[in-house]
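This report concerns only the one structure given below.
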Amino acid sequence: MSYADTIARTAPLYDRVKAVVPPMEWPVFADDIDAILALKRRRNAVILGHNYMTPEIFHCVSDIVGDSLALAREAMKVDADVIVLAGVHFMAETAKLLNPAKTVLIPDLRAGCSLAESITAADVRLLRERYPGVPVVTYVNTSAAVKAESDICCTSGNARKVIESLGSDRVIMLPDEYLAQNIAAQTGVKIITWAGHCEVHERFTAAQIRELREENPGVVVLAHPECPPEVVAEADFTGSTADMSGYVGKQKPAKVVLITECSMADNVSVHHPDVEFVRPCNLCPHMKRITLSNIRTALEEMRHEVTIDPAVAVRARQAVERMLAVR
Ligand code: 13P
Ligand code: SF4
């Protein structure tokens, strides 16, 4: 296969991302993309790509893209032998929980999450002892071991519905303190929180949003609910990564800012050339561990396979399935 053939074959893909990928970078990506597309056929594999993947991963090799909720839902329907999770480790674990018979690969084992790191299964057991009978809702951004200790999971896309589905006036919601506070403000349910934070979203401040508005009159501010409540209070809309993307598609604001991870604006802007994106953002170092090069290696060498202790998996799966049953 010549270099010219690779460039010719991948030209339609470059066309998709040309607004956000400079032409001089494309030759570096094209070879990996071409190889990944061939490997997917050979391995009967699909790639699930989170909204925070860089555009060449998100738009050029992913078969299914979305927020954590969409990836979990779609993971249940995958008709393939192998799932490569282009996202972070907890997402790969969720895909494995829902597909115990399939091979689930994560291209870099270091793709973690500050929220998942903030709490252990033992912490959840202690909380249950302290608050007997209070239902435990666990954010999907946790290990399978933590999910196994909880009654039901939630994502940022369905947290409110999940909390309301419990019909309880008191709920333990772990581990994202800000998400819990933001949901408590919407529902009126008394929420017992944990002091976990997303290292990307906790850095945004209300003063920063006010400054942005001053510098960009008329800008529409969309914030992720992992942001501190003072930031959410300054935003025009709060929602999961998929909700933010949906908002831009529906409302087509002239100028918008997405208070979240940097790749979001790149990925959404590809579909909305007429919308101006103001781009202050924070990078997630864990999401950025995933590259075309390590996706290629994952498929070549079938690594790194995600495994979950079956005794943990059976209980963690229940918590995820209960969440997916909430509509
Ligand atoms: P979403 O479920 O909104 O995609 O969020 C996942 C995440 O890790 C946000 O930081
Ligand atoms: Fe975790 Fe925050 Fe990165 Fe999402 S953006 S994976 S919550 S550290």
Side-chain angles (χ1 to χ4, degrees), residues 48-54 57-58 62 64-75 85-95 98 106-119 137-143 146-147 153-163 173-183 193-204 222-228 231-232 235 237-249 258-268 280-290 320 323-324 326:
L48 268 53
H50 184 261
N51 288 329
Y52 292 163
M53 290 296 101
T54 48
I57 296 175
F58 187 86
S62 298
I64 295 162
V65 292
D67 65 357
S68 336
L69 180 59
L71 296 186
R73 282 202 194 291
E74 294 304 318
L85 206 302
V88 290
H89 194 262
F90 75 80
M91 295 175 180
E93 276 194 337
T94 307
L98 297 169
I106 178 106
D108 189 323
L109 282 171
R110 295 168 301 175
C113 169
S114 64
L115 282 166
E117 282 301 306
S118 73
I119 191 159
V137 180
T138 297
Y139 198 29
V140 282
N141 298 39
T142 48
S143 65
V146 166
K147 289 183 177 77
C153 287
C154 75
T155 73
S156 59
N158 64 9
R160 183 177 179 163
K161 275 193 191 151
V162 166
I163 296 285
M173 188 176 181
L174 311 165
D176 189 337
E177 184 175 28
Y178 297 146
L179 176 72
Q181 289 169 345
N182 289 326
I183 297 297
T193 62
W194 185 255
H197 300 130
C198 161
E199 68 188 84
V200 173
H201 293 94
E202 71 175 349
R203 303 210 309 267
F204 293 108
L222 313 184
H224 195 277
E226 290 169 9
C227 292
V231 172
V232 165
F237 173 84
T238 305
S240 78
T241 56
D243 294 336
M244 286 193 259
S245 175
Y247 183 103
V248 176
L258 309 181
I259 303 300
T260 189
E261 212 274 340
C262 300
S263 292
M264 262 299 284
D266 285 343
N267 290 332
V268 179
C281 60
N282 293 327
L283 275 173
C284 174
H286 310 290
M287 290 281 182
K288 264 48 221 186
R289 292 273 185 201
I290 308 301
V320 174
M323 166 187 90
L324 292 174
V326 174

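The first residue of the sequence shown is numbered 1, and numbering continues consecutively from there. Ligands are counted one by one from 1 in listed order, and the atoms in each one are counted from 1 as well. These numbers come from the heavy atoms of this one structure, side chains and all, not from hydrogens, waters or symmetry mates.
- A donor-acceptor contact closer than 3.5 angstrom is absent between the side chains of S68 and Y139.
- By the neighbour-count criterion of 12 heavy atoms within 6.0 Å, atom CD of Q181 is densely surrounded, having more than that number from other residues, nucleotides or ligands.
- Ranking protein heavy atoms by distance to atom 3 (Fe) of ligand 2, first place goes to C284 SG, 2.4 Å.
- Distances below 4.0 Å separate heavy atoms of S68 from the following atoms of ligand 1: 1 (P), 2 (O), 4 (O), 5 (O), 6 (C).
- Those atoms of ligand 1 that come under 4.0 Å of a heavy atom in H224, given as number and element, are 1 (P), 3 (O), 5 (O), 9 (C).
- Between H197 and Y178, the ring planes are parallel. Angles under 30° get that label, and only those over 60° would be called perpendicular.
- A donor atom on one side chain and an acceptor atom on the other are found under 3.5 Å apart for E199 and H286.
- For the pair S263 and M53, the minimum side-chain heavy-atom distance is 4.5 Å or more.
- Across L69, V162, T241, a single residue satisfies side chain to side chain contact (heavy atoms under 4.5 Å, CB included) together with T155, and that is L69.
- The proximity of C113 to ligand 2, defined as any non-hydrogen pair under 4.0 Å, involves the side chain as well as the backbone.
- Taking every non-hydrogen atom of S156 and a distance limit under 4.0 Å, the qualifying atoms of ligand 1 come out as 1 (P), 2 (O), 3 (O).
- Annotation: T155 places no N or O atom under 3.5 Å from an N or O atom of ligand 1; distance criterion only.
- Heavy-atom separations between H201 and ligand 1 include at least one value shorter than 4.0 Å.
- Here's the thing with S240: none of its N/O atoms is less than 3.5 angstrom from an N/O atom of ligand 1.
- Not close to ligand 1: G157, with no non-hydrogen atom less than 4.0 angstrom away.
- Nearest protein neighbour of atom 2 (Fe) of ligand 2, counting heavy atoms only, is C198 SG, 2.3 Å.
- The shortest N or O to N or O distance between Y139 and ligand 1 is not under 3.5 Å.
- Heavy atoms of E226 found under 4.0 angstrom from ligand 2 belong exclusively to the side chain.
- Checking only distances, D67 never comes within under 3.5 Å of ligand 1, N or O to N or O.
- T260 is listed as a side-chain neighbour of H201, based on a closest heavy-atom distance under 4.5 Å.
- Not a single heavy atom of N51 lies less than 4.0 angstrom from ligand 1.
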